[in-house]
Amino acid sequence: MSDRIDENINLDGLDMFEGQDETFEMITMTEEDGTQQSFYVIDGIDVDDTRYLLLVKEEDYELDEPEAYIFKETSTEGEDFIYEPVEDEQEYNRIFLLLQDEDSDYEVKITE
């Protein structure tokens, strides 16, 4: 996981429960310095043999407009997966649009 994320996504008007019992998987990422950060997996998509995840930090999940991040799977080590933030603007925009095309229960907008 990188400490630097240039663009964030806000989940606008996030009301994912709307009377239903929807739950999200939680993952924990470990930085190179050993610090850990937990995220809810809001969505995922496979594109050209690469897995992308839309993540929200655990502590931000209950906010009205939590920030979300797009990460991509770069490798696996046994049962562990290595994810890195998508930093290439063209790749980021492509994945962002593909996530928007899905039938999702959330609305996203790019903020800088």
Side-chain angles (χ1 to χ4, degrees):
M1 187 173 127
S2 171
D3 292 342
R4 185 177 149 267
I5 299 175
D6 292 332
E7 293 182 280
N8 300 322
I9 300 175
N10 279 333
L11 298 178
D12 191 18
L14 179 66
D15 185 7
M16 299 182 144
F17 298 106
E18 294 184 36
Q20 54 189 346
D21 292 331
E22 187 165 0
T23 58
F24 298 98
E25 180 181 352
M26 183 178 289
I27 62 172
T28 300
M29 294 191 183
T30 304
E31 302 243 6
E32 290 179 11
D33 67 1
T35 59
Q36 294 186 334
Q37 177 68 56
S38 294
F39 293 88
Y40 283 103
V41 180
I42 304 302
D43 204 350
I45 190 169
D46 293 313
V47 179
D48 301 330
D49 297 324
T50 301
R51 179 83 172 149
Y52 293 88
L53 299 178
L54 181 64
L55 305 175
V56 172
K57 290 181 181 179
E58 177 183 20
E59 66 267 14
D60 294 343
Y61 181 74
E62 297 294 328
L63 298 175
D64 288 336
E65 293 185 1
E67 290 182 0
Y69 309 92
I70 298 175
F71 279 76
K72 69 177 175 180
E73 184 179 310
T74 58
S75 66
T76 60
E77 294 179 3
E79 294 183 16
D80 292 333
F81 298 89
I82 308 298
Y83 285 91
E84 296 179 3
V86 175
E87 293 181 350
D88 177 76
E89 185 176 347
Q90 186 176 9
E91 179 183 20
Y92 185 93
N93 289 336
R94 178 177 173 225
I95 300 306
F96 175 77
L97 291 173
L98 290 171
L99 287 167
Q100 284 290 1
D101 284 345
E102 292 186 2
D103 294 328
S104 58
D105 293 333
Y106 58 84
E107 180 180 324
V108 293
K109 62 183 176 182
I110 293 179
T111 61
E112 294 187 40

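Atoms considered below: every heavy atom in the structure, side chains included; atoms not considered: hydrogens, waters and symmetry mates. In what follows, residues are counted from 1 in the order of the sequence shown.
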Value rounded to 0.5 Å, distance of CD1 in Ile45 from OG1 in Thr50: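 OG1 of Thr50 is found 11.5 Å from CD1 of Ile45.
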
Reported CD-to-CE distance for the pair Gln36 and Met29, which is rounded to 0.5 angstrom: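 Spacing of CD (Gln36) from CE (Met29) equals 12.0 Å.
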
On a heavy-atom basis, which atom in [X] and which in [Y] lie closest, and how many Å separate them?
| X | Y | result |
| --- | --- | --- |
| Phe39 | Tyr69 | CE2-CD1, 4.1 Å |
| Leu53 | Gly44 | CD2-CA, 4.1 Å |
| Val56 | Asp60 | CG1-C, 4.2 Å |
| Phe71 | Pro85 | CD2-N, 3.4 Å |
| Ile95 | Tyr52 | CD1-CE1, 3.5 Å |

With sequence neighbours left out, write down each residue that passes side-chain contact (heavy atoms from CB on, under 4.5 Å) with [X], or none if nothing qualifies.
| X | result |
| --- | --- |
| Glu79 | none |
| Asp88 | Gln90, Glu91 |
| Thr76 | Glu73, Phe81 |
| Ile82 | Thr74, Ser75, Glu77 |

Here's a test for you: under side chain to side chain contact (heavy atoms under 4.5 Å, CB included), which of Leu55, Ile70, Leu54 qualifies with Asp43? Leu54

Specify whether Tyr40 and Phe24 have parallel, tilted or perpendicular ring planes, treating 30° as the upper limit for parallel and 60° as the lower limit for perpendicular. perpendicular

Under the side chain to side chain donor-acceptor pair (under 3.5 Å) rule, collect the residues that match up with Glu59, sequence neighbours excluded. Gln37

Can you pull out every salt bridge (charged side-chain N to carboxylate O under 4.0 Å, His left out) where at least one residue sits in residues 46-55? Sequence neighbours excluded, please.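 Qualifying pairs, neighbours excluded: Asp46-Arg51, Asp48-Arg94.
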
